[in-house]
Amino acid sequence: MSGERAGAAGQPGRERPEAGGRGEGSGAAGRAPGASALMLATGIAKRPVVTLGGEAVAQVRDIVFDSGGGHIVGFTLSGRRRLSGPMKRSLPWEGVYALGHDAVMIENEDALEDPGEVVERTEAKGGDVLESRVLTDGGKDVGKIVDVVVQAGTTADVVGYEIEPGDARGRHPRTAFLPRAETISVSGEALVIPALATEFMADDLPGFEAQVRAFRDRMRKGAD
């Protein structure tokens, strides 16, 4: 899969709100004060695609990530009815006006394009990491990835993973949130991360945003 669409910005001449944005009057970063821009990728599936005119034109079928699994490049779509199948149009990230917690907003139906504009779901389902084991570069089994954490703004970036920790096997399942390192090794079975990342895990999504920032700060200092 090509990663050329990763990190695509909005269309020229159009000011795009940040995640959950409502344009002017929103809080910092274009969203309500105290609201988190983080969301789980599985929660985006089946979210309605709505124009700024209020018309629901589709719903998200699958999320398509770039080849490195670090950015959303678009969505495959299905119809709004309960038993609707795949649509013959898709939504590239450039056509997204805002990715909110309740709907994906577009200006109008012109944002929808031919399916070829977004790579096939089989090439990047879940960023190719769902159900993968997570290992540190020291060889410790951290757990299994059960979801992908996305931070949406002008771009939609994968900032971490929801994991079922290795020590939870055989018990009532619980999950934790692990920040994504910029340089990681991904295969079909395992994702290898710096051991440092495990020091910045969070127990819940609201507290994870601060841990992501702290982890990135630490990584930048280490690179200096």
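Heads up: numbering here begins at 1 and tracks the sequence. Below, all heavy atoms of this structure are taken into account, side chains as well, without hydrogens, waters or symmetry copies.
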Side-chain touch Val149/Tyr161, heavy atoms, less than 4.5 angstrom
no
If I compare all heavy atoms of Met87 with all of Ala58, which pair ends up nearest, and what's the gap?
SD-CB, 3.3 Å
Would you say the side chains of Asn108 and Thr51 form a donor-acceptor pair under 3.5 Å?
no
Is there side-chain contact between Thr76 and Val64, with heavy atoms separated by less than 4.5 Å?
yes
Specify the closest pair of heavy atoms between Ala202 and Gln211, including all atoms of both residues, with the distance to one decimal.
CB-CG, 4.1 Å
Using every non-hydrogen atom in the two residues, find where Ala176 and Met201 come nearest and quote the distance to one decimal.
CB-CE, 3.7 Å
The test is side-chain contact (heavy atoms from CB on, under 4.5 Å); show your working for Arg61 and Lys46 and say whether it passes.
CA-CA 6 Å; Arg61 182 177 178 86; Lys46 297 186 178 180; over 6 Å; no
Determine, using the 4.5 Å side-chain heavy-atom cutoff (strictly less than), whether Val146 and Met39 are members of one ILVMFWY cluster.
no
Going by atom types only, do His71 and Asp66 share a side-chain donor-acceptor pair under 3.5 Å?
no
Per the side-chain contact (heavy atoms from CB on, under 4.5 Å) rule, which among Val57, Asp62, Val49 passes with Leu77?
Val49
What I'd like to find out is whether the side chain of Leu196 reaches to under 4.5 Å of the side chain of Phe215, using heavy atoms alone.
yes
Salt bridge (Lys or Arg N to Asp or Glu O under 4.0 Å) with Arg47: which residues, sequence neighbours excluded?
none
Tell me if the CG atom of Asp137 is crowded by more than 12 foreign heavy atoms within 6.0 Å.
yes
Considering residues at least two apart in sequence or located in another chain, which fulfil the ring pair (Phe, Tyr, Trp, His ring centres under 6.0 Å) criterion with Phe208?
Phe177
When you measure from the side chain of Asp157 to the backbone of Val159, do you find a donor-acceptor pair of N or O atoms at a distance under 3.5 Å?
no
Would you say that Ile145 contacts Glu162 through its side chain, given a criterion of any heavy-atom pair below 4.5 Å between the two side chains?
no
Identify the two heavy atoms, one from Ile106 and one from Gly95, that lie closest to each other, and give their separation to 0.1 Å.
CG2-O, 3.5 Å
Val192 versus Thr136: any side-chain heavy-atom pair under 4.5 Å?
no
May I have the step-by-step check of side-chain contact (heavy atoms from CB on, under 4.5 Å) for Leu52 and Met105, ending in yes or no?
CA-CA 7 Å; Leu52 295 183; Met105 304 301 297; 4.0 Å; yes
Closest approach of Trp93 to Thr154 (non-hydrogen atoms, all atoms of both residues):
NE1-O, 2.9 Å
Please step through salt bridge (Lys or Arg N to Asp or Glu O under 4.0 Å) for the pair Asp114 and Arg89, ending with a clear verdict.
CA-CA 5 Å; Asp114 293 335; Arg89 290 188 290 176; over 6 Å; no
Flag side-chain contact, heavy atom, 4.5 Å: Val104 against Leu91:
yes
Going hydrophobic residue to hydrophobic residue with side-chain gaps under 4.5 angstrom, can you get from Leu38 over to Leu40?
yes
So do Phe200 and Thr198 actually touch side chain to side chain, heavy atoms under 4.5 Å?
no
I'd like to know if the side chain of Thr175 pairs up with that of Glu164 as donor and acceptor (distance under 3.5 Å, no hydrogens or angles considered).
no
Could you state the interatomic distance from NZ (Lys144) to OG (Ser132), rounded to the nearest 0.5 Å?
10.5 Å
Cluster question for you: counting only ILVMFWY and a side-chain heavy-atom cut-off of under 4.5 Å, with indirect links fine, are Leu130 and Leu135 together?
no
Is any side-chain heavy atom of Leu191 less than 4.5 Å from a side-chain heavy atom of Ile193?
yes
